[in-house]
Amino acid sequence: MTDKKDNRESYLQMFKQMVRIRAFEEQANQLYLSAKMPGLTHMYVGQEAVAVGICEALTPNDKITSTHRGHGHCVAKGADFKQMFCELLGKEEGYCRGKGGSMHIADQANGNLGANAIVGGSAGIATGAALSAKQLGSNEVSVCFFGDGALGQGLLYETMNMAALWKLPVIYACENNLYGEYTKVEEMAAGDLMARATGFGIESFEVDGQDVLAVNNLTQELVERARKGHGPFFILLNTYRYYGHHVGDINREYYRSKEEEMLWRKERDPITNFTQLLVEKKISTPEELKSIEREIETEAEEAVHYALDAAWPDASEVDMHVFASN
Amino acid sequence: MTDKKDNRESYLQMFKQMVRIRAFEEQANQLYLSAKMPGLTHMYVGQEAVAVGICEALTPNDKITSTHRGHGHCVAKGADFKQMFCELLGKEEGYCRGKGGSMHIADQANGNLGANAIVGGSAGIATGAALSAKQLGSNEVSVCFFGDGALGQGLLYETMNMAALWKLPVIYACENNLYGEYTKVEEMAAGDLMARATGFGIESFEVDGQDVLAVNNLTQELVERARKGHGPFFILLNTYRYYGHHVGDINREYYRSKEEEMLWRKERDPITNFTQLLVEKKISTPEELKSIEREIETEAEEAVHYALDAAWPDASEVDMHVFASN
Amino acid sequence: MREITFGAAVNEAIAEEMRLDERIIVLGEDVAEAGTPFKVLSGLVEEFGTQRIIDTPISEPGFTGIAVGAAMTGLRPIVDLMFGDFLFLIMDQLCNQAAKTHYMSGGKLNVPMVLRTNMGATRRSAAQHSQSLHALVAHIPGLKVAMPSSAYEAKGLMKTAIRDNNPVVIFEDKLMYNDKAEVPEEEYLINFGEAEILHTGSDITLVATSSMVQQAEMAAKTLAKQNISAEVIDPRTISPLDETTIINSVKKTSHAIVIDEGHQNYGITAEIAARISEKAFYYLDAPVQRFGAMDVPIPFSPALEDLTVPTAQQIHERAVLLLEGKL
Amino acid sequence: MREITFGAAVNEAIAEEMRLDERIIVLGEDVAEAGTPFKVLSGLVEEFGTQRIIDTPISEPGFTGIAVGAAMTGLRPIVDLMFGDFLFLIMDQLCNQAAKTHYMSGGKLNVPMVLRTNMGATRRSAAQHSQSLHALVAHIPGLKVAMPSSAYEAKGLMKTAIRDNNPVVIFEDKLMYNDKAEVPEEEYLINFGEAEILHTGSDITLVATSSMVQQAEMAAKTLAKQNISAEVIDPRTISPLDETTIINSVKKTSHAIVIDEGHQNYGITAEIAARISEKAFYYLDAPVQRFGAMDVPIPFSPALEDLTVPTAQQIHERAVLLLEGKL
Ligand SMILES: Cc1ncc(C[n+]2csc(CCOP(=O)(O)OP(=O)(O)O)c2C)c(N)n1
Ligand SMILES: Cc1ncc(C[n+]2csc(CCOP(=O)(O)OP(=O)(O)O)c2C)c(N)n1
Ligand SMILES: [Mg+2]
Ligand SMILES: [Mg+2]
């Protein structure tokens, strides 16, 4: 199953996309720290291999639904930095004309149906997109991203049940980053997490969410099977968020130790480990990779400056888009 | 585990309670057919062994929550015919002063926290009662009755998860009568029904819901364990409703065959089979059982007459009980 | 003109639109073979098949959410919510998701879906199967809300709802399913936001919704016998609300009663009465009267339930008192 | 007198009551060690332990339902709903179950529970974390609804809510958590259904809820400089609503504006304005004005969000226009 992506181009693409996410998030964090960001935001740093491994197995027409921690999914699905930063800053050129912000960023052109500020709130939407795909014969697949915390929401079970009954081409991607806000997953979820989906007759898989190749290989296989009508599937992706629950969550020792954080950062970083693999396998050189990183960082910085200078939406926009025209 | 109930008195009590339910329901059906019943109601006939087997393992202080098909649970938990019929007819002497009716009948004194017209709607209530029991140290157990159709409701999974996390003394009793309204359970529920609970780390059991002894023995064991803090548990009880979804559901062939109905009535009737066992084991005689039946039928008839003649609530009651006094 | 029932009108509207547009599907509990408990959808599955008339598990939040996603991606789902009381279960998917998606996406994503459900007490169905909860959704920006009062309106409003590119909630009074009215064979639509004047008059304006329109018309007839001329207005949609027609009427009659089957407190009679009181202020001869359902959970007992809902007789009595300056 | 913050006042109220009554528990997401995201419950778990301050999974319908059952069987739960916007998720358990149980059981079962949640925009939290949804629950018979406007009220109303034998929903404006006010050390309660007149006046009545009370008071101060005497009334609970105090005030001032942060359409300004228009009809010199939040989902962009919520300046402007007979 590794053949498809087993080539320089796709490996470098995955590397780039992970670096893009990280660069985006570091800038977003800086915007918060320098008080230029309206409100709060949730960093995806540490989880890059999940979004990239999955989205690189999708076409732009395939749909995803995202979460409050959604920048990674958005970038991975092909979004542009400038429009993203504009959205985060509430500017008119943002993906949602500034109306959505970080928690509602959507990029319809690339198949991102939107982040969601209701935990688990997009389970129905992703499943509905799969119903459309089946009904309209589009051969598209949809992926529902959600965190371990969303396993607490009954909606997820209701929709997984229907997806299973109707054999819909949807993949439920559960990013287990060990915490929902300030609470450990084992205090929130009884039983075996995988069994939450197998209980509904859904074939389920567990994968190292820090290993972009493993994630990508598995997803390619499942996407292919889903397109043939063998879905739905459930993937449990073990991963970690490096930052706090949101940018303002600085003192975290009361719910998780610095050692734990260090361990993941040092030993399980998806970008560091993939860099090493690319070099070891002679797919690339440290120099090439560094220069890619620098290029992306520059692009991110420029996008931030662009967004900071961009125009606010006009006051007249406030009551536009309440209803679509007929 | 059979020792507790392995004696004449308790066997006859179970027999009586099953007969009471059936007698109650036949009268309720007649009330509908003779246009004396306001609204509709859902018959429990066929499922008697479930309610009785379970409730005979409980004390009056133990709590149950019931469903739209709730007369059986109410009778089994010790309710009085007169107050029940009065409630079904909307009379002041009813358990809820006529305000609840068939779908909301509650009998607090016997631990019945009420029927519920929202499918699955009482999952939280039963689990909350178990939280009270644990918190207040009352040593009580609660039982949540619900149908196979309620497996579609996300609330159930949310509450089972918390019950499992917090080791609450609650038993989830899923009465699988093969249909939710006019739809077969396999069209509504993907996967293995038992796995719906084991997925949340809940120990689960399947039992023949037409065999009152089997149900009672299992429940006794689980109640005892729940009191010791080993809960929660899930029981799947396979059973059948003889009548339609509600009293007005007369032509049923489009969703289930007469043959199927006949098979259950003839071969799997909980009362007939238990009667046979009581006679075979020489616990009772056909004559004794017949006379019990006749006595109960008479009691039911009298209760119906009483209820038909009973007074309506006074108009002034209409805005009483919106709020409890402080 | 031919007469058909309210239920048949709904059925026709859906069938006609489904023939025109392949993207329309129906989702809900027992909508296919059973044709819903009220049998309103009977026959649809035979014509359109189980691929388009889809029986769901008893998972209202789930299938509503699925409809939202399907609507965002090319289908035009009609969600069948068996009882209006179950709205409470789907509020998040309806109000946090469906209603806000177009706005939150800056106009990029649409959610063209219809939620058909019902309302209305006095069926002896008790507190969880008798509510009229339209005020809840009328309060949410991004939702349109229709309340047909006859077979004619049921068909025209349903067809308009199906063609609308926004989430629309339609409340059908379950007591009216067998009521007949003239319904043309030819296609017609009823525009949202255009109230209907059912009965013109000069002394008092009765604004009524859904089945209360019948009660108001009956009251108007009784009033006519006393030479009191009542104008009966049916807003047909409460979001958008045709304020102009209502205000113009009150400017003429100087008296108004607003009648609705939702609870009175914080219900829709408040909005309509407040707008009349504000915008026809200088024309009013007496305070605008509101007449909603009692603010109690719906009791089961027939002896109590009937007391909770406005009746023609009560409307008539209040109208007389109002015109006599006694309110 | 000492001054404490709104957040500290809520915390004190809960702690004091928990010391008095063992049956009180707190249930919600991150209520224990984290003390909620707004840190309002900090310190409670240290005093009362994890048996009484209970962290739940992210299962709002589930833990609300559990609270209902616990309340029916001897506990007195306080449910912490992290954002008011999540009300949509728990409507069934709150409105079909908690609100109706006492009535449906003919008065036999009680549901003494408190749902504390929040409201209020302008925190740049966008459409699903900024709503003020009190109108929805105010419409449901069987629920009491409190809207404290200061630390003083937050404490007094919370204590009363906890002692009430019915389900009570309390909306705290999240923008006010750090606002300080004088709060006595001694115990006090604030009765439900008793409005507070914060500022007496004779020219115009400003009825305002929650954080809008501050805006109204600011407007009143500006008006005073123009020799316009405004009376500011804070209903404190909208269910029950102290109609008498409001009506009496308007009878005196003959002018009224009702201000609230919920959406205006079918929101609570409608109910209050309709009651004033009806019951003070013969005393009004001008139409009652309503001023709610704009009827749009709350936009994220600061450039837009601030436009959606009433401000002191706008209230002032409208008051002047109203008194000049221009509205
Ligand atoms: C329905 C709902 N409940 C609570 C919240 C508040 N909240 C936001 S994120 C979050 C934790 C989510 O945890 P998880 O799903 O594991 O995602 P993670 O933040 O770890 O990526 C919570 C409780 C919410 N947004 N929606
Ligand atoms: C939330 C909700 N959805 C739908 C209904 C309508 N309804 C009443 S009973 C029923 C079927 C329930 O099936 P099941 O749980 O298997 O119970 P059974 O009737 O078989 O005893 C349905 C769909 C309801 N009352 N509540
Ligand atoms: Mg997590
Ligand atoms: Mg069933």
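A, B, ... follow the sequence lines: proteins, then strands. Residue 1 opens every chain.
Only the backbone of B/M188 has a heavy atom closer than 4.5 Å to any heavy atom of chain A.
Looking only at heavy-atom pairs under 4.5 Å with chain B, the residue among A/A190, A/A197, A/G191 that has the most is A/A190. Ranked by heavy-atom pairs under 4.5 Å with chain A, the first of B/G199, B/G152, B/A195 is B/G199.
Taking 4.5 Å as the heavy-atom cut-off, the residues of residues 156-175 of chain A that approach chain B are A/Y157, A/E158, A/N161, A/A164, A/L165, ordered by number.
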